[in-house]
Novice: 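Just passing along the structure, written as structure tokens.
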Amino acid sequence: VISEIMTGASGNNSYDFIELYNPTDAIIDLQGLSLWYQLNTSQSDVLLYSWETSALIPPRGHYLLLRINQDAGVDADAFFDYSLVPQRGSLALLQRDSTIVDQIGWGSTDAAFVEGLKAPEPAIDASLERLPGAEQGNGQDSDDNAGDFFVNNLPNPQNSASPAVPAFTSDPPAPEITPET
């Protein structure tokens with residue numbers, strides 16, 4: 001699922017990141033998926049990233065896409081080169097056949113990529129993060145962006161090397177690879 005989105009920071013409109021989260025106990029391969037951005041319905045969808053080769057998200061792990069030439073304090077798993085608008089927009093994670101895996105719309109957008117009601121507009125220097133957040137992971141998915149996301153005043157980008165959340169209380173199960181998030 002799409003787990004955290006940052007759309008600029010004070011003095012740096014280019015500081016954008018998108019984080020994905022694997023809420024399962026299996027490794028997920030992103031190969032064949034793509035991430036799309038839509039500002040509103042009057043503009044064309046923009047391809048932000050397409051996974052043409054294997055890219056794995058560990059169980060209860062994250063995957064970080066960072067805007068090119070930015071530093072998030074943690075290594076990016078991949079880069080994109082398109083500016084996200086803080087006041088409005090939407091993202092969709094799609095399979096090859098255009099089936100929607102996950103989507104989020106925020107702010108004043110009229111974009112099509114929305115589940116239920118839109119998430120709020122993120123404040124300057126804040127991100128939109130999927131609940132429950134922090135050490136509990138980002139697995140809530142009720143198909144309502146307003147109910148599933150909150151404005152996080154302490155953004156915390158995580159990549160595929162970051163610790164699993166929630167942490168495993170014993171050895172993780174034997175990995176199995178699945179093609180969905």
Novice: If you look at every heavy atom in T41 and A112, which pair is closest and at what distance?
Specialist: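 What the structure gives for the nearest pair is CG2-N, 4.2 Å.
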Novice: Would you mind checking if R130 and D141 are paired as a salt bridge, meaning a charged N to carboxylate O distance below 4.0 Å?
Specialist: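 A salt bridge is present here (some side-chain N lies under 4.0 Å from a carboxylate O).
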Novice: For Q158, is there any backbone N or O sitting under 3.5 Å from a side-chain donor or acceptor partner on E19?
Specialist: yes
Novice: With no hydrogens and no angle check, is any side-chain donor or acceptor of N145 less than 3.5 Å from a backbone partner on V114?
Specialist: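 Checking the backbone N and O of V114 against the side chain of N145, no donor-acceptor pair under 3.5 Å is found.
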Novice: State, with a plain yes or no, whether a side-chain heavy atom of S160 is found less than 4.5 Å away from one of P58.
Specialist: yes
Novice: Going hydrophobic residue to hydrophobic residue with side-chain gaps under 4.5 angstrom, can you get from V85 over to Y82?
Specialist: yes
Novice: Can you measure from OG (S90) to CD1 (I2) and round to the nearest 0.5 angstrom?
Specialist: 9.0 Å
Novice: Do the side-chain N and O atoms of S142 and D144 include a donor-acceptor pair separated by under 3.5 angstrom?
Specialist: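 Absent: no donor and acceptor within the cut-off.
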Novice: Using the rule given for side-chain contact (heavy atoms from CB on, under 4.5 Å), can you reason through S34 versus L47, listing the C-alpha separation, both sets of side-chain angles and the distance that settles it, and then say yes or no?
Specialist: CA-CA 7 Å; S34 57; L47 176 64; 3.8 Å; yes
Novice: Rounded to the nearest 0.5 Å, what's the gap from CG on D75 to CG on L66? Could you check?
Specialist: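 Between D75 CG and L66 CG, I get 10.0 Å after rounding to 0.5 Å.
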Novice: Do L131 and Q136 have side-chain heavy atoms sitting under 4.5 Å apart?
Specialist: no
Novice: Within the side chain of T109, is there an N or O that forms a donor-acceptor pair under 3.5 Å with the backbone of L39?
Specialist: yes
Novice: Report the C-alpha separation of D110 and R88 in whole Å, then their side-chain angles, then the decisive distance to 0.1 Å, and conclude whether the side-chain contact (heavy atoms from CB on, under 4.5 Å) test is met.
Specialist: CA-CA 8 Å; D110 66 350; R88 63 191 172 281; over 6 Å; no
Novice: Give me the one residue out of P86, P120, P155 that meets side chain to side chain contact (heavy atoms under 4.5 Å, CB included) with L128.
Specialist: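 Testing L128 for a side chain to side chain contact (heavy atoms under 4.5 Å, CB included) against P86, P120, P155 leaves exactly one candidate, P120.
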Novice: Would you give the length of the straight line joining atom CZ of F80 to atom CD1 of I18, rounded to the nearest 0.5 angstrom?
Specialist: 4.0 Å
Novice: Could you see if W36 belongs to whatever hydrophobic cluster contains F149? Use Ile, Leu, Val, Met, Phe, Trp, Tyr and a side-chain cutoff under 4.5 Å.
Specialist: no
Novice: Determine yes or no for a side-chain-to-main-chain donor-acceptor pair under 3.5 angstrom, with D29 supplying the side chain and A55 the backbone.
Specialist: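 Answer holds: yes.
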Novice: Side chains of P122 and M6, heavy atoms from C-beta outward: is any pair under 4.5 Å?
Specialist: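 No, their side chains stay 4.5 Å or more apart.
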Novice: Report yes or no: does N138 contribute a side-chain atom to a donor-acceptor pair with the main-chain N or O of Y21 at less than 3.5 Å?
Specialist: no
Novice: Using only heavy-atom distances, determine whether the side chains of E129 and S127 contain a donor-acceptor pair under 3.5 Å.
Specialist: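 No, no side-chain donor-acceptor contact under 3.5 Å.
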Novice: Using the rule that two of Ile, Leu, Val, Met, Phe, Trp, Tyr join whenever any of their side-chain heavy atoms come within less than 4.5 Å, decide whether V46 and F113 are in one cluster.
Specialist: no
Novice: If I compare all heavy atoms of I104 with all of I5, which pair ends up nearest, and what's the gap?
Specialist: CG2-CD1, 3.6 Å
Novice: Any side-chain heavy-atom pair from V151 and N153 closer than 4.5 angstrom?
Specialist: yes
Novice: Does a side-chain heavy-atom distance below 4.5 Å link L20 with L30?
Specialist: yes
Novice: Any side-chain donor paired with an acceptor under 3.5 Å for S54 and Q31?
Specialist: no
Novice: Are F150 and F17 co-members of a hydrophobic cluster defined by side-chain heavy atoms under 4.5 Å apart?
Specialist: no
Novice: Does P59 offer a backbone N or O that forms a donor-acceptor pair with the side chain of D25 under 3.5 Å?
Specialist: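 Looks like no, no N/O pair under 3.5 Å.
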Novice: Is the side chain of N159 donor-acceptor paired with the backbone N or O of L64 at a distance under 3.5 Å, no angle test?
Specialist: no
Novice: Atom CD of E121 and atom CD of Q87: how far apart are they, to the nearest 0.5 Å?
Specialist: 5.5 Å
Novice: A quick test of your reading: do over 12 heavy atoms of other residues, nucleotides or ligands sit less than 6.0 Å from CG of N13?
Specialist: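 Incorrect, the count does not exceed 12.
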Novice: What closest approach, in Å, do G137 and P132 show between heavy atoms, and which atom pair accounts for it?
Specialist: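 Closest pair (atom of G137, atom of P132, distance): O-CD, 3.5 Å.
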Novice: Is L35 close to W51 at the side-chain level, that is, under 4.5 Å between some pair of heavy atoms?
Specialist: yes
Novice: For D77 and H62, which I'm curious about, is there any donor-acceptor pair between the side chains at under 3.5 Å?
Specialist: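 Looking only at side-chain atoms, H62 and D77 do not form any donor-acceptor pair under 3.5 Å.
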Novice: Please tell me if the side chains of D45 and Q38 come closer than 4.5 Å, counting only heavy atoms from C-beta onward.
Specialist: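 Yes - at least one pair of side-chain heavy atoms lies under 4.5 Å apart.
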Novice: Do side-chain atoms of D16 reach the backbone of G8 as a donor and acceptor pair under 3.5 angstrom?
Specialist: yes
Novice: According to a 4.5 Å side-chain heavy-atom criterion applied to Ile, Leu, Val, Met, Phe, Trp and Tyr, with indirect links allowed, do V101 and L48 form part of one hydrophobic cluster?
Specialist: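 Hydrophobic grouping puts V101 with L48.
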Novice: Any side-chain heavy atom of Q103 within less than 4.5 Å of one from L91?
Specialist: no
Novice: CG of L33 to CZ of R96: how many Å apart, nearest 0.5 Å?
Specialist: 8.5 Å
Novice: Assess whether atom CD of Q43 is packed by more than 12 heavy atoms of other residues, nucleotides or ligands within 6.0 Å.
Specialist: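 Yes - once you tally the heavy atoms of other residues, nucleotides and ligands closer than 6.0 Å, there are more than 12.
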Novice: Measure the spacing between CH2 of W106 and CG of L84 and express it to the nearest 0.5 Å.
Specialist: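 W106 atom CH2 to L84 atom CG measures 5.5 Å (nearest 0.5 Å).
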